[in-house]
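Presented below is the structure to which this report refers.
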Amino acid sequence: MTVPAIDFARLRADVEALSAIGRHEDRGIHRMAFSDGDLAARHWFRERTEAAGLDYFEDGAGNLFGRLGWDGERPSVMIGSHLDTVPGGGPLDGALGVLVGLECLRALRESGIALRYPLEVAAFTDEEGRFGGLFGSQALAGQLTPAMIHGARDLDGVTLTQAMAAWGLDAQAALFARRSPESLHAFLELHIEQGPVLHRGGHQVGVVEAITGLFKWDVHLIGEANHAGTTPMSMRRDAFQGLCEFAGEIDRILEEHGGPQSRATIGRVELSPGAANTVPGRAAFSLDVRDTDAHTLSALADAFRRTLSALARRRDLMFEFNVLSEIAPVRCDPGLVQIIADGAEQLGLRALKLPSGAAHDAQIMAGITRTGMIFVPSIEGRSHSSAEWTAWEDIERGATLALHTLIRLATSEA
Ligand code: HGY
Ligand code: MN
Ligand code: MN
């Protein structure tokens with residue numbers, strides 16, 4: 001047996017190869033779930049997994065796995081993240097966690113180390129929430145129902161059922177992706193921080209203690225389309241003006257009902273009919289709200305609903321909203337937090353314990369097994385954009401810490 005070590009040149013080559021898949025001229029990556037870019041990345045991952053001598057497996061939700069020492073008996077230690085991106089996303093969000101997992105399993109396989117537990121690297125389907133959010137890990141954790149799957153649709157109205165059928169997949173098969181808690185020993189996710197804390201503080205790795213919860217709504221304000229020239233201002237039912245008033249209330253609502261970790265974002269707006277000389281009769285927009293505390297999140301949801309209702313009444317508008325996803329905040333397993341922190345110390349890394357402002361598959365996996373996360377710094381905290389990047393040295397340090405953590409989890413009683 002040789003001492004397992006990350007082959008950084010190989011990992012770097014994988015990061016560069018994968019980041020070319022789905023990249024557009026704007027340098028952004030377009031691998032939205034069930035898009036051509038996503039499909040190409042999945043084919044690439046399967047080819048790399050099989051080339052590494054790992055057993056390849058795909059479940060009913062389209063989650064992809066590479067397995068080492070799998071016997072279907074012992075619980076496995078799983079490391080993973082996602083290959084899909086937001087539109088115009090960066091090269092590392094999700095992808096780095098999958099590639100570090102793949103590299104760790106290759107290094108462990110090549111070392112010949114004796115494993116107490118089998119290992120799996122996972123690439124979860126639709127983490128970014130084209131169809132709500134964290135679909136693949138929710139399937140694995142048994143959190144999906146036939147109605148949730150049937151009702152899932154993207155902001156353009158395409159259903160998850162249609163998108164999966166286009167790939168010859170039956171969306172309802174995701175119900176069979178459920179894994180029993182007994183089949184898992186622990187779950188680890190390495191991810192870029194996507195915020196500025198580590199980079200600005202000169203920290204080399206982050207040890208995640210808690211992961212934010214969120215709710216995501218698709219909101220429609222409905223007024224009356226009318227002529228922009230002949231309709232007096234006092235006689236309008238202008239949906240866009242309603243949206244503007246709502247957006248202007250966000251700071252007040254966070255101030256009155258939120259906390260230091262509260263976030264609220266309107267990321268997409270669509271006005272219709274959408275002509276310059278027509279009063280908008282409909283304003284459709286997304287609302288993404290986050291907090292690491294469940295009670296705060298619930299108070300924010302109530303406050304946003306009340307505000308929508310009051311302004312709709314005042315402006316003679318109707319409103320409807322569709323809950324696209326609701327994900328509870330979680331705390332990472334204290335035992336795993338300690339193992340990761342100890343590993344960072346043994347490696348002489350400058351580490352910081354911190355919460356995650358982004359949602360991750362790890363928070364779903366925390367519902368069925370002990371879960372921990374390792375963060376690597378994001379330069380200037382940029383993410384969900386082509387400016388997203390992490391220094392290669394930080395990637396190597398994070399990958400080595402992930403490898404040490406997996407060895408600790410898969411070879412001892414840890
Ligand atoms: O939205 C998020 O927090 C994650 O990037 N899906
Ligand atoms: Mn991610
Ligand atoms: Mn993301």
Side-chain angles (χ1 to χ4, degrees), residues 15 18-19 22 28-33 35 37-38 41 45 63 79-101 121-138 152 154-155 187-198 206 208 210-218 261-268 286-292 297 323-330 354-366 371 373-378 381-390 395 398 402:
V15 170
L18 181 55
S19 60
I29 295 177
H30 298 255
R31 290 202 304 260
M32 292 71 78
S35 65
D38 187 21
F45 174 75
N63 296 315
I79 179 170
S81 194
H82 59 96
L83 296 172
D84 66 298
T85 69
V86 294
L92 301 177
D93 176 0
L96 185 62
V98 173
L99 296 180
V100 165
V121 53
F124 295 111
T125 302
D126 190 19
E127 187 276 346
E128 290 293 1
R130 175 184 170 192
F131 294 99
L134 305 167
F135 168 71
S137 47
Q138 284 191 313
D154 68 11
L155 290 172
F187 177 76
L188 177 67
E189 181 168 5
L190 178 138
H191 204 285
I192 53 174
E193 180 203 337
Q194 300 181 290
V197 173
L198 295 178
V208 178
I211 307 172
T212 193
L214 66 87
F215 60 82
K216 191 161 37 174
W217 294 349
D218 177 22
Q261 297 293 337
S262 297
R263 312 279 188 274
T265 310
I266 294 176
R268 174 175 160 155
S286 60
L287 178 66
D288 175 308
V289 179
R290 314 223 176 172
D291 199 276
T292 50
L297 213 45
V323 177
L324 297 175
S325 91
E326 281 175 325
I327 308 288
V330 297
L354 76 169
S356 170
H360 296 289
D361 290 307
Q363 72 197 96
I364 301 299
M365 295 302 288
T371 292
M373 282 198 82
I374 295 169
F375 272 174
V376 291
S378 293
R382 296 294 304 277
S383 183
H384 281 191
S385 107
S386 57
E388 177 184 285
W389 192 243
T390 294
I395 290 176

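All ligand and atom numbering here is 1-based and tracks the order in the structure.
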- Query: Is it the side chain (CB and beyond), the backbone, both or neither of His384 that lies under 4.0 Å from ligand 1, heavy atoms counted?
  - Reply: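 Looking at His384 and ligand 1, just side chain atoms fall under 4.0 Å.
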
- Should the proximity of His82 to ligand 1, defined as any heavy atom under 4.0 Å, be assigned to the side chain, the backbone, both, or neither? neither

- Message: Under a 3.5 Å distance rule, please check whether Glu128 uses its side chain to pair with a backbone N or O of Gly133 as donor and acceptor.
- Response: no

- Message: So, of the N/O/S atoms that His384 has, which is the nearest one to the Mn ion (ligand 3)?
- Response: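 Looking at His384, the N, O or S atom with the least distance to the Mn ion (ligand 3) is NE2.
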
- Item | Shortest-distance N/O/S atom, Asp93 versus the Mn ion (ligand 3) | OD2

- Task: Give a yes or no on whether a salt bridge exists between Arg130 and Asp154, defined as a side-chain N under 4.0 angstrom from a carboxylate O.
- Result: yes

Heavy-atom distance under 4.5 Å between the side chains of [X] and [Y], does that happen here?
X      : Y      : result
His360 : Phe124 : no
Leu324 : Trp217 : no
Val98  : Phe45  : yes

- Under 3.5 Å, is there a donor-acceptor pair between the His82 and Asp361 side chains?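 Checked: His82/Asp361 side chains show no N/O donor-acceptor pair below 3.5 Å.
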
- Query: Do you see an N/O/S atom of Glu128, backbone or side chain, under 2.8 Å from the Mn ion (ligand 3)?
  - Reply: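 A backbone or side-chain N, O or S atom of Glu128 is under 2.8 Å from the Mn ion (ligand 3).
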
- Would you check if the Mn ion (ligand 3) lies under 2.8 Å from any N, O or S atom of His82?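 Checking the Mn ion (ligand 3) against His82, no N, O or S atom falls under 2.8 Å.
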
- Item | Contacting atoms of ligand 1, where contact means under 4.0 angstrom from a heavy atom of Ala358 | 3 (O)

- Which heavy atom in Thr212 sits nearest to a heavy atom in Thr292, and how many Å separate them? OG1-N, 3.6 Å

- Quick check: does Ala359 get an N/O under 3.5 Å from an N/O on ligand 1? yes

- Option of least heavy-atom distance to atom 1 (O) of ligand 1 (set: Arg290, Glu128, Glu127):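 The residue whose heavy atom sits nearest atom 1 (O) of ligand 1 is Arg290.
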
